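Working notes, structure below.
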Amino acid sequence: MGNFTKDVKSVVVDIRGVSCCMPPVGEFIIEMRQQPKDAVIELLTDKKEDVDEVLDWIKRVHQETLSVIEETGYWRIFAKKVSNM
Amino acid sequence: MSKRVVIVGGGVGGTIIANLLAKKMRPELKKGELVIDVVSDKPEHFYQPGLLYMLFGLKHHDELVRNEKDLLDPMVELHLHPAVKIDKDKNEVHLKNGVVMKYDILVLATGSRPAPEMIPGLKEGGNWFYEVDACLKLRHELVNFKGGKIVLTVGLPHKCPVAPFEVSYMLDDWFKQRGIRDKVDYTYTYPIGRLHGLEPLANFGAKTFPKHGINTETLFNMKEVDPNKKTVTSLEGVTLKYDILIAVPPHKGAQVIEDSGLGQNGFVPTDKFTLKMEGSTNIYVVGDTTNLPISKAGSTAHFESDVIVENIASELRDGLTPFRYDGKVFCFIETGMTKATYIMFDYNTPPNPVTPSALIHWFKLTYNKVYWLTPMGIL
């Protein structure tokens, strides 16, 4: 997992600094559904409380969480679209 | 040598920008130092929020349409040929009639559209009110409806994010007026774990939906519709039966954006403050065309347009682009057939719906009538 972020080109969804609108899980759903199978999506969020919600949804719809990294003040969630949806 | 600003798209964002820029840059236009072009694929300008009222027979199609030419400043050139390719490396817009337009500054205002084809069975089994023909079809079904199950489903992303709320409240009132509310089992579904993307609005819905007899099902992302069995199934594994399925289909951006490699599904990666296309110095993006995590709404395009116009003018005159968009959005929300509320928010300030009132409802109806002043750059 340590080398994962260097090896894979991901589609980045950066919603840091926005507190008004669709929560991270919503933006993540949008991107996950738009991308083709096998795409890797990287979600950047500064809302810790929403990280679990995103991970729960990934599990619920049978996609794959690759990694969750806590950076200074924000989180990076990497997930792979393993089947069409 | 004159500068050329090309605006692709004649919806609310494109038209406001053209008109405000023409006003602001009048001296340069008169001297021939600036040319402003709008490229549109249709001669009419349609007021999309009016579809909600058309659904209930409260607006007629003709009330919601004007000629785009009549809305544009006379010094703006309108080209009624679809753009088929945008070459950002050569600063060119290619039109379907073969004309290639060179630009100094490009504005992408190509909008979004419902894409029911993205959900298997939705086109055949569902209804929606985001397009004229579909809206009239749904109206016909509702008028002939004698009772049963109605399910409302929401795909992401979609424009006018408060419309699913509005139509739910309005249908409750409308069925009451028709004396069949007790025969209607209405379920509102939403793709995330609350009733709306905007948290205060989700809380507002959680408080008010029970009073309107609206059932709810959250974490419901449409996977497929079976028109024969009349069922809609979610990615999360829940299947709901319906007699009428009202869907807000997931939306896509314009094909020319996708074909030109400018953005997945027609949405352009955009800097949320400068509103420039990421990695570009001379392409601005407005309204639904952006991939910003904010509402795809007319008011969003309106507020963004002000920033884009100021920056284009400043750039052409001084070489500076100091203005920044703060994420401002304003939406009226009908909470029935006679009352409404409104929300206003920006990137850092969540909305706070006020107590619904008849006054706000009438204010919204008034705005529906005077909307045309907005694209003209007057209101």
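A note on names: the letters A, B, ... follow the listed sequences, proteins ahead of strands, and every chain is numbered from 1. Note that the coordinates shown come from a computational prediction; the quantities given were computed from them, not determined experimentally.
In this structure, A:E42 pairs ionically with A:R76, as a charged nitrogen and a carboxylate oxygen lie closer than 4.0 Å.
Proximity to chain B involves both the backbone and the side chain of A:Q34, based on heavy atoms less than 4.5 angstrom apart. Looking at B:P157, the atoms closer than 4.5 Å to chain A (heavy atoms on both sides) sit in the backbone and in the side chain alike. Neither the backbone nor the side chain of B:F273 comes within contact range of chain A; no heavy atom of the residue lies under 4.5 Å from a heavy atom of that chain. For B:L292, no part lies under 4.5 angstrom from a heavy atom of chain A. For B:D346, the part lying near chain A is the backbone, with the side chain staying farther off; criterion is any non-hydrogen pair under 4.5 Å. Contacts of B:N265 with chain A are made by side-chain atoms alone, with heavy-atom separations under 4.5 Å and no backbone atom involved.
Side-chain N or O atoms of B:K223 include none that pairs as donor or acceptor with a backbone N or O of B:T233 at under 3.5 Å. For B:S299 (side chain) and B:A297 (main-chain N/O), no donor-acceptor pair under 3.5 Å exists by modelled atom type. A donor-acceptor distance shorter than 3.5 angstrom exists from the side chain of B:N221 to the backbone of B:P191, with no hydrogens or angles considered. Of the possible donor and acceptor atoms, none in the side chain of B:D226 sits under 3.5 Å from a partner among the backbone N and O of B:T231.
Taking A:V25, A:I29, A:V11 one by one and counting their heavy-atom pairs under 4.5 Å with chain B, the maximum is reached by A:I29. In terms of heavy-atom pairs under 4.5 angstrom with chain A, the leader among B:R194, B:K252, B:M118 is B:R194. Heavy-atom pairs under 4.5 Å with chain B were tallied for A:Q35, A:H62, A:E53; the largest tally goes to A:Q35.
Taking the ring axis of B:F332 as reference, the NZ or CZ atom of B:K364 does not stay both within 45° of it and closer than 6.0 Å to the ring centre.
Closest non-hydrogen pair, B:V151 versus B:Y242, comes out as CG2-CB, 3.9 Å.
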